[in-house]
Amino acid sequence: MKTTAQVYKKEAVKPIWCPGCGDYAVLSALQKSFTTLSLKPEEIIIVSGIGCSGRFSHYLNTYSLHGTHGRAVPTALGAKAARPDLTVLAIGGDGDGLSIGGGHLSHAARKNPDITYLLLDNNIYGLTKGQASPTTPGDYQSKTSPYGLGEEPMDPIPVFITYGVSFIARAHSFNVKEMTSIITAAIKHRGMSIVYIHSPCVNYQALSWDKLREQTEKLPKGFPVKDKMKALEPAYSKEPLYTGIFYRRTQPVLEDRLDRITETARKNRHGKSIGMSAKEIMEDFR
Amino acid sequence: MKTTAQVYKKEAVKPIWCPGCGDYAVLSALQKSFTTLSLKPEEIIIVSGIGCSGRFSHYLNTYSLHGTHGRAVPTALGAKAARPDLTVLAIGGDGDGLSIGGGHLSHAARKNPDITYLLLDNNIYGLTKGQASPTTPGDYQSKTSPYGLGEEPMDPIPVFITYGVSFIARAHSFNVKEMTSIITAAIKHRGMSIVYIHSPCVNYQALSWDKLREQTEKLPKGFPVKDKMKALEPAYSKEPLYTGIFYRRTQPVLEDRLDRITETARKNRHGKSIGMSAKEIMEDFR
Amino acid sequence: MRRNRPVKHSELDFIIRIAGEGGDGVVSCGELLAQMAARTEFHVFTFITYPAEMRGGYSMIQIRLRDITIYSMGSMVDCLVVFNQQAFDNSIEVLKPGGVLLYDPAVVDIGKHDHEYMLEPIPLTMMAKEATGGSLSKNMVALGALSYLFGADMEMLETLMNERYASKGEEAMAKNHLALDAGYHAAANINLDTNFRLADLKPAGENYMLISGNQAVALGAIAAGCRFTAGYPITPSTSIFETLTRLLPLVGGRAIQMEDEIAAISAIIGASFAGEKVITPTSGPGLQLMTEQLSLASMIEVPIVIVDVQRAGPSTGLPTKTEQSDLKYAVYGAAGESPRITLAPTGVEDSFYQTIRAFNLAERYQVPVLLLLDQSIGYRKATVKMPDFDKLSLVDKSEPRKSVSIPKSSLISIVNRIEPSTTELEDYMRYLDTDDGTSPIARPGTLGGQYLATGLEHDERGIADQSPKNHLKMSKKRFRKLEFITKQFEKNPIEFYGPPDAVIGLIGWGSTEGAIREARYHAEKEGVVTRHLHPHTISPLPSRQISLFLLRLKYLLIVEENLTGQFAHYIKAKFGVKSIGVRKCEGMPITSDEILKVIMKVAGIDDEDNCTSL
Amino acid sequence: MRRNRPVKHSELDFIIRIAGEGGDGVVSCGELLAQMAARTEFHVFTFITYPAEMRGGYSMIQIRLRDITIYSMGSMVDCLVVFNQQAFDNSIEVLKPGGVLLYDPAVVDIGKHDHEYMLEPIPLTMMAKEATGGSLSKNMVALGALSYLFGADMEMLETLMNERYASKGEEAMAKNHLALDAGYHAAANINLDTNFRLADLKPAGENYMLISGNQAVALGAIAAGCRFTAGYPITPSTSIFETLTRLLPLVGGRAIQMEDEIAAISAIIGASFAGEKVITPTSGPGLQLMTEQLSLASMIEVPIVIVDVQRAGPSTGLPTKTEQSDLKYAVYGAAGESPRITLAPTGVEDSFYQTIRAFNLAERYQVPVLLLLDQSIGYRKATVKMPDFDKLSLVDKSEPRKSVSIPKSSLISIVNRIEPSTTELEDYMRYLDTDDGTSPIARPGTLGGQYLATGLEHDERGIADQSPKNHLKMSKKRFRKLEFITKQFEKNPIEFYGPPDAVIGLIGWGSTEGAIREARYHAEKEGVVTRHLHPHTISPLPSRQISLFLLRLKYLLIVEENLTGQFAHYIKAKFGVKSIGVRKCEGMPITSDEILKVIMKVAGIDDEDNCTSL
Ligand SMILES: Cc1ncc(C[n+]2csc(CCOP(=O)(O)OP(=O)(O)O)c2C)c(N)n1
Ligand SMILES: Cc1ncc(C[n+]2csc(CCOP(=O)(O)OP(=O)(O)O)c2C)c(N)n1
Ligand code: SF4
Ligand code: SF4
Ligand SMILES: [Mg+2]
Ligand SMILES: [Mg+2]
């Protein structure tokens with residue numbers, strides 16, 4: 001099936017992001033990736049968190065779940081584990097994904113479900129109007145750091161590398177084309193993929209846009225994406241700020257492991273791979 | 001004041017760990033460290049999580065808080081921020097600290113309070129009788145992975161390095177002497193220190209004890225503790241499994257930053273560092 | 001039509017308690033005995049107490065055998081086996097005068113109690129050491145002795161032991177058998193008249209299982225069609241998750257251990273959104289972490305089942321002890337107006353059927369359903385009749401809006417979600433405002449069924465809409481489900497026990513049913529008749545049934561295991577009636593004697609109008 | 001002694017509403033006007049509605065000016081300013097006949113409404129463009145026009161504008177002034193008789209602040225001695241945390257933004273254990289995440305204050321809209337038997353005093369105290385009398401067990417924890433079982449005061465003890481605090497409004513107080529007298545006061561902003577009385593008119609015994 005980006009758009013709902021918000025570009029790139037991959041909208045589940053970025057699920061003509069703050073990833077993981085036949089994505093902001101929801105990432109990475117997580121970093125809490133997020137620079141005077149915060153901002157990509165996430169990339173709202181190809185690769189990747197996207201806020205510019213744009217540079221061609229130690233250096237680099245795929249590896253995915261468990265369980269029980277009925281199960285308890 | 005380990009022991013309460021449990025060694029090392037540092041028991045706060053390891057707070061004659069599952073670190077952080085004059089420790093197991101409480105660590109690391117966190121890893125949920133923890137090997141058949149888990153166990157030390165924890169070490173219940181000196185150094189360190197301790201369980205040996213003991217080796221003398229990239233390699237190594245201090249750096253601590261904020265706030269308001277009364281504060285709202 | 005079943009009298013009622021400390025193996029010893037009994041025509045009921053610590057602390061198993069259905073652990077025991085002094089001290093009060101006391105004389109000082117009981121010293125530790133070289137197998141010495149006394153079928157016992165200890169290795173198994181033998185022979189000179197020999201009893205029909213309440217929940221979930229669970233271990237619920245983890249793959253289902261309870265409930269919400277029937281088991285502390293996601297489930301109307309095996313609280317509390325103190329949380333514990341359903345099974349068998357019912361209600365009405373067990377049901381084992389699987393049916397797809405019936409062993413119907421029809425898909429409204437508040441829910445993959453499920457207030461299409469009128473309309477829609485369910489209840493027959501003209505009424509919930517039944521039975525023997533209502537649905541309450549029950553009552557006793565009378569408070573909020581609280585808050589189940597005492601006291605009140613004077 | 005204050009009649013009552021969409025700057029425009037008014041002898045009260053979205057959506061500010069204390073936002077407005085069509089459509093109904101409508105004719109089509117109002121078209125956008133080259137400053141054009149109409153002191157206004165916009169830079173400020181000027185001059189030909197000119201009014205005495213409910217909480221915390229907060233942003237509570245973050249360092253306190261609400265409450269528990277007075281502000285979704293730690297606080301008896309600024313739910317719900325629907329959570333929302341206290345301030349000024357009281361109760365009784373505000377109080381601004389700091393006192397250390405009095409502007413006493421005496425430290429029992437359930441609490445650093453605070457059940461020393469008797473004893477100890485507090489209430493004078501022989505009674509809680517007062521006032525004018533009780537303490541309820549209030553009532557109306565009647569349910573659970581629900585569940589505050597309507601309907605009922613017939 002060949003589709004157009006139009007198919008994925010929910011006609012009835014107009015995005016209410018501020019004019020100029022970086023999230024528009026991400027929405028557009030995502031729709032283009034779907035088109036490229038000829039996905040059927042009814043076979044996509046999108047789970048989003050809470051924040052400006054959490055509004056994503058409202059704008060797509062897919063099966064969409066706009067849950068609570070910080071829980072997009074475990075929710076998406078459950079959806080994928082239950083329905084391996086669907087394409088499942090999670091989307092959220094830096095507050096949603098790195099602060100309140102940060103504890104879920106390392107465990108999702110260890111389970112490695114075949115989901116794609118778009119983490120939209122604007123270095124601020126946008127929706128709640130300008131409080132510090134885990135990536136807000138230490139000297140920025142946000143509403144909750146009127147005298148400067150002084151905390152060290154987090155470096156998400158190195159962290160994802162040590163979590164063992166099986167696909168890690170960075171994109172930028174300035175470059176929809178590159179973002180589209182990265183998101184496409186991420187969805188194609190079998191396993192948990194994180195696309196970490198700089199998607200600046202026009203209201204609270206905790207990081208200077210212009211500086212961000214200037215510093216951005218693509219990872220060199222032929223970058224060794226399978227070597228986590230080599231990935232760490234560009235992952236830490238601020239100038240240049242690299243975009244592209246930092247790390248990728250092949251690793252058994254959750255759904256397949258669950259299938260294998262089913263096989264093992266049945267073999268242990270019968271010596272063969274046949275399912276049992278509830279009745280048969282209960283007879284074991286006699 | 002010179003004290004003895006005896007001072008820190010709560011006479012009225014006898015530990016109820018299984019005979020041979022690794023946690024006994026940690027308790028003894030901790031008491032020795034207190035002695036070495038001549039700390040006053042009434043100036044120590046110990047916060048522990050839930051688990052066999054969570055029982056720590058019961059056995060020490062300090063101000064002790066045995067809270068809920070996974071919250072020892074943010075609780076200890078609050079205590080230290082409120083009372084910088086006290087020595088504050090957090091203690092918990094691999095389930096407590098890496099699973100349910102895992103989300104708090106990166107943020108505590110960014111804030112860098114001067115607390116010491118002892119993370120007792122036995123590669124299992126001991127207290128609840130043998131379920132898989134984040135560090136349980138993928139092939140171990142625990143009560144919640146009767147067909148083998150297949151999940152990748154977590155590598156905590158590399159993760160702590162990318163979190164920017166300002167002091168990271170590994171110790172082992174087999175070697176109380178080394179553990180004592182590491183804990184002592186951790187408490188002395190100004191900033192957030194994590195001592196990651198292999199403290200095996202006699203009931204559920206998810207990792208073979210003997211193998212663990214065999215593989216353990218001290219970090220070489222003169223190991224460059226200030227270089228996080230260099231720390232990563234031995235941090236990932238399983239054979240040998242290194243003990244010692246992996247990483248240490250000097251970084252402003254939370255309590256000092258809070259003091260600086262007070263200074264700044266007052267200077268902004270008055271041009272000088274004097275405190276205000278509630279009455280003066282309210283007059284600003286007239 | 002009121003049911004007033006005649007209480008069947010039993011010819012046999014025998015209770016054994018085996019007590020020691022954590023690590024002594026008393027539970028294994030008792031469970032093997034119970035398993036043997038369960039293979040006979042006897043009914044079996046076990047109750048377990050164990051310490052929260054890994055080592056030490058009081059541990060016991062109590063086994064009751066009857067030739068009719070058993071409703072409680074009973075009060076006084078016929079035979080007591082104690083492994084140490086603490087076990088003796090804690091248990092001796094419950095030994096019937098004339099009962100048999102087996103004890104290890106090396107460690108138990110029986111003091112001045114000697115005259116009331118039949119004393120049978122058995123040097124458990126010494127005999128274990130003699131037979132095996134170590135004291136570990138002393139529980140097998142005890143089991144051997146009990147096997148002799150109760151005339152066990154030793155072949156069957158050996159098989160059961162082999163199954164249980166297969167993973168311990170040859171050597172350990174051999175030692176167990178040696179110890180068992182020693183105990184068996186030592187008991188030969190004990191004179192105990194039990195009226196029965198297990199080996200001589202008729203074997204049970206093929207249709208009984210010996211399962212715990214927690215296992216009943218896991219089996220109920222499987223029978224209801226649940227094929228997904230995500231959980232996080234917590235005492236005393238863990239065995240539900242462990243059982244599901246072991247069994248689900250066999251029926252093609254999936255189980256995932258998550259990093260915490262928030263992730264667990266998130267995962268089941270995701271899986272339910274994706275189209276599966278889902279469950280997560282937990283206990284009070286974990287349940288509290290799920291609160292925010294429970295409200296989300298109410299708002300996006302996704303079916304989920306949550307089991308709370310209650311333990312004594314608050315906070316970490318008494319993790320291995322029983323209490324009925326999460327009721328107020330279950331009914332009220334959410335921010336905003338979040339409709340949900342709460343069910344409370346009354347025993348092991350009922351746990352199976354209420355679990356099926358929980359799924360049926362969740363799927364039919366698209367709300368979170370909370371199943372409130374407690375430690376005493378969860379850990380108790382009982383003989384449960386195998387349901388008749390030929391009588392298991394799927395609710396007809398053409399009648400998706402049929403109300404949900406209460407499953408019983410002879411008739412279980414399984415309910416699935418209402419899906420949108422092809423016509424409905426043409427202009428699909430996920431949150432269509434219907435008469436019963438429930439709207440068709442599209443399964444991902446269905447073309448045209450795409451929708452947004454958002455925790456923000458939304459309109460019938462699922463589009464965010466925060467206008468005053470829409471909020472009112474959709475809030476009403478969500479609550480209409482509960483109103484509808486309440487109305488459905490009115491069609492059910494009134495079910496309470498006892499004569500409608502009895503002026504003393506008892507209301508209880510959950511695990512206290514058996515103790516109340518027994519107390520009523522004894523009260524009746526003393527000439528005091530009572531009525532008893534025990535709703536399985538805690539919220540929404542079956543209002544008409546309760547109102548009718550309350551009619552013409554002079555004294556209302558509300559029985560519950562907590563301090564503040566949570567159920568009484570709730571009943572008063574709904575029906576305005578005062579009640580006399582029969583409460584226990586000690587981490588232990590209330591006994592029929594404790595209830596009987598209050599009944600008799602109330603029966604003796606002269607001033608009949610003053611029912612709050614206790 | 002019943003209080004039956006004569007309602008003071010006001011000579012002046014003027015209401016202005018400015019409405020547009022999010023981003024139009026209507027709130028800034030209105031707040032500047034309110035600030036000017038607050039500097040006069042007028043009382044000022046503002047109400048704000050704004051969208052949850054970043055852009056678009058209906059936004060408005062309503063400002064009420066009176067020469068007496070104001071209790072509500074009022075119902076119909078005298079002057080309406082609309083920036084766009086949606087604002088016109090949403091608001092036109094509330095404009096009094098004969099009221100003034102200012103609107104931008106370029107974007108607003110007033111349809112057929114033209115005859116009832118005084119129409120004043122002002123081309124806001126065009127004028128802003130003309131004056132500044134862009135449309136951003138259209139709110140300043142409106143402000144200019146209003147300044148002219150209400151005779152503002154332009155010099156004061158310029159100062160206020162400079163303070164407000166200092167951070168926006170010179171150019172933006174200059175544009176604002178140009179736009180203001182344009183509006184001012186354009187209004188010169190509008191004929192509006194307001195009966196007052198702001199500039200001519202007497203300036204206020206020095207002792208008034210214009211603050212929001214949220215700011216009042218922050219200031220109350222500081223006055224109570226709170227020196228530590230940890231929080232996580234959530235609408236509509238964030239400004240409490242932001243205000244504390246800004247102010248605490250000035251008084252030597254500390255504020256930390258945490259990674260989530262669980263970490264926030266954990267940090268304040270740690271800080272309170274360490275000896276500080278602590279607070280965390282949140283709203284429903286965040287509060288739900290705190291549930292487990294709230295139970296811990298009940299168990300280890302550590303004083304903490306939690307503020308819940310309620311928003312409409314469930315789940316994410318309507319984040320910027322008001323509702324009173326977390327009451328059941330606040331009162332019941334915990335697993336196990338977890339005692340806590342819930343307070344609900346009735347307005348901006350009361351938020352200040354109830355916050356102080358929350359700290360006093362938390363510290364005195366060592367329980368978590370929940371302060372239930374709602375969006376409408378939190379965002380509303382009102383003129384508040386500055387407390388008399390000379391009358392502020394510390395509760396005498398020698399009388400630590402004195403009961404906690406209700407603070408008022410003329411007398412605030414600050415309570416601190418009961419600390420162990422030197423004798424008590426010799427054999428320190430942290431959880432000593434006392435008459436009032438509260439035990440001395442040692443501050444870390446105190447030699448001999450070392451103790452264990454564990455969430456496990458523990459004995460008086462704090463040592464884990466799961467025995468049945470100890471659990472009962474300690475559960476009772478923890479609840480004795482609430483019983484003691486309830487008894488203390490009995491000593492307070494009965495405080496309700498209205499004559500004791502009125503047969504219609506109203507009970508409300510929280511933010512509805514003003515609307516109820518106004519409704520009663522109007523009902524009285526129509527000849528219907530009523531009584532009104534508005535408890536500040538929701539749990540434990542002041543039982544005797546309410547029982548006395550309920551005496552001889554024929555009709556009880558319970559006013560609340562939710563769907564299911566949470567407070568009515570709770571009142572019934574406590575007092576067994578039926579009530580008529582006066583409810584609103586639309587995300588908007590209930591108005592006095594809506595309440596009045598029910599009062600009048602009830603007053604017209606013939607069959608007086610049937611009070612549930614509505
Ligand atoms: C449990 C909970 N806590 C707090 C909030 C309030 N809240 C909504 S969005 C948000 C942060 C948004 O920041 P981010 O995730 O970076 O998204 P952005 O708006 O910047 O895209 C917060 C704190 C909430 N909705 N739920
Ligand atoms: C919220 C909550 N969830 C679950 C539990 C049950 N629980 C108690 S300890 C524990 C895990 C213990 O494992 P670990 O932290 O590794 O400690 P260990 O016993 O191995 O020392 C769990 C799941 C709990 N107490 N609270
Ligand atoms: S506030 Fe920032 S992040 Fe939110 S919609 Fe506006 S520009 Fe985007
Ligand atoms: S179960 Fe394991 S971790 Fe727990 S006390 Fe025993 S040996 Fe130690
Ligand atoms: Mg953000
Ligand atoms: Mg462990």
Side-chain angles (χ1 to χ4, degrees), chain C residues 51-52 57 262 283-285 287-289 291-292 294-296 298-300 308 310 312-321 323 325-326 328-329 331-338 454-457 466 468-469 471-472 475-476 479 562-564 569-570 572-574 576-578 585-588, chain D residues 51-52 57 262 283-285 287-289 291-292 294-296 298-300 308 310 312-321 323 325-326 328-329 331-338 454-457 466 468-469 471-472 475-476 479 562-564 569-570 572-574 576-578 585-588:
Chain C
I262 300 179
S283 185
L287 184 65
Q288 295 179 110
L289 284 172
T291 319
E292 192 195 9
L294 268 165
S295 290
L296 173 71
S298 296
M299 187 62 149
I300 63 174
D308 172 13
Q310 298 165 92
S315 194
T316 311
L318 301 86
T320 61
K321 301 289 184 292
E323 198 162 279
S325 58
D326 295 352
K328 63 182 188 329
Y329 173 91
V331 175
Y332 305 106
E337 299 276 24
S338 314
T454 173
L456 281 167
E457 187 56 285
Q466 317 212 359
K469 275 182 198 127
H471 179 44
L472 180 62
S475 298
K476 281 187 177 166
F479 271 91
N562 60 46
L563 184 75
T564 58
H569 181 93
Y570 177 51
K572 189 170 175 192
K574 288 282 180 187
V577 290
K578 285 182 190 173
C585 177
E586 306 187 353
M588 295 288 291
Chain D
I262 300 179
S283 184
L287 184 65
Q288 295 179 111
L289 285 172
T291 319
E292 193 196 10
L294 267 165
S295 291
L296 173 69
S298 296
M299 187 61 149
I300 63 173
D308 172 11
Q310 297 165 94
S315 195
T316 312
L318 301 88
T320 60
K321 301 288 186 292
E323 199 162 277
S325 58
D326 295 352
K328 62 182 186 330
Y329 172 89
V331 175
Y332 305 106
E337 300 276 23
S338 315
T454 173
L456 282 167
E457 187 57 283
Q466 316 210 1
K469 275 179 201 135
H471 180 42
L472 179 62
S475 298
K476 282 187 177 165
F479 271 93
N562 59 48
L563 184 74
T564 57
H569 181 92
Y570 177 51
K572 191 170 173 193
K574 288 283 179 186
V577 290
K578 285 185 189 171
C585 176
E586 305 188 354
M588 296 285 292

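Every value quoted in this text rests on a predicted model; they were computed, and no experiment measured them. Below, chain A is the first sequence line, B the second, and so on; all start at residue 1.
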Given that the side chain runs from C-beta out, which part of [X] has a heavy atom under 4.5 Å from chain D: side chain, backbone, both or neither?
| X | result |
| --- | --- |
| C:Leu296 | both |
| C:Ile300 | neither |
| C:Glu337 | both |

Do you know which two heavy atoms are closest between [X] and [Y], and how far apart they sit?
| X | Y | result |
| --- | --- | --- |
| C:Cys585 | D:His471 | O-CD2, 3.5 Å |
| C:Met588 | D:Pro468 | CG-CG, 4.1 Å |
| C:Leu456 | D:Pro319 | CD2-CD, 3.7 Å |
| D:Met299 | C:Ser315 | CB-CB, 3.8 Å |

Which one, [options], leads in non-hydrogen pairs under 4.5 Å with chain C?
| options | answer |
| --- | --- |
| D:Ile262, D:Leu289, D:Leu318 | D:Leu318 |
| D:Gly313, D:Gly284, D:Ser325 | D:Ser325 |
| D:Ser298, D:Ser283, D:Ser338 | D:Ser338 |
| D:Lys469, D:Glu586, D:Lys476 | D:Glu586 |

Can you classify the ring geometry of C:Tyr570 versus D:His569 as parallel (below 30°), tilted (30 to 60°) or perpendicular (above 60°)? tilted
I'd like to know if the side chain of C:Lys572 and the backbone of D:Lys574 have a donor-acceptor N/O pair within less than 3.5 Å. yes
Has C:Glu323 got a side-chain atom pairing as donor or acceptor with D:Gly336's backbone, closer than 3.5 angstrom? no
Find the one option among C:Ala312, C:Pro285, C:Gly333 whose heavy-atom pairs under 4.5 Å with chain D are most numerous. C:Pro285
Of the listed residues (C:Ser295, C:Ser475, C:Ala573), which shares the most heavy-atom pairs with chain D below a 4.5 Å separation? C:Ala573
Can you tell me which portion of D:Leu563 sits under 4.5 Å from chain C's heavy atoms? Options are side chain, backbone, both or neither. both
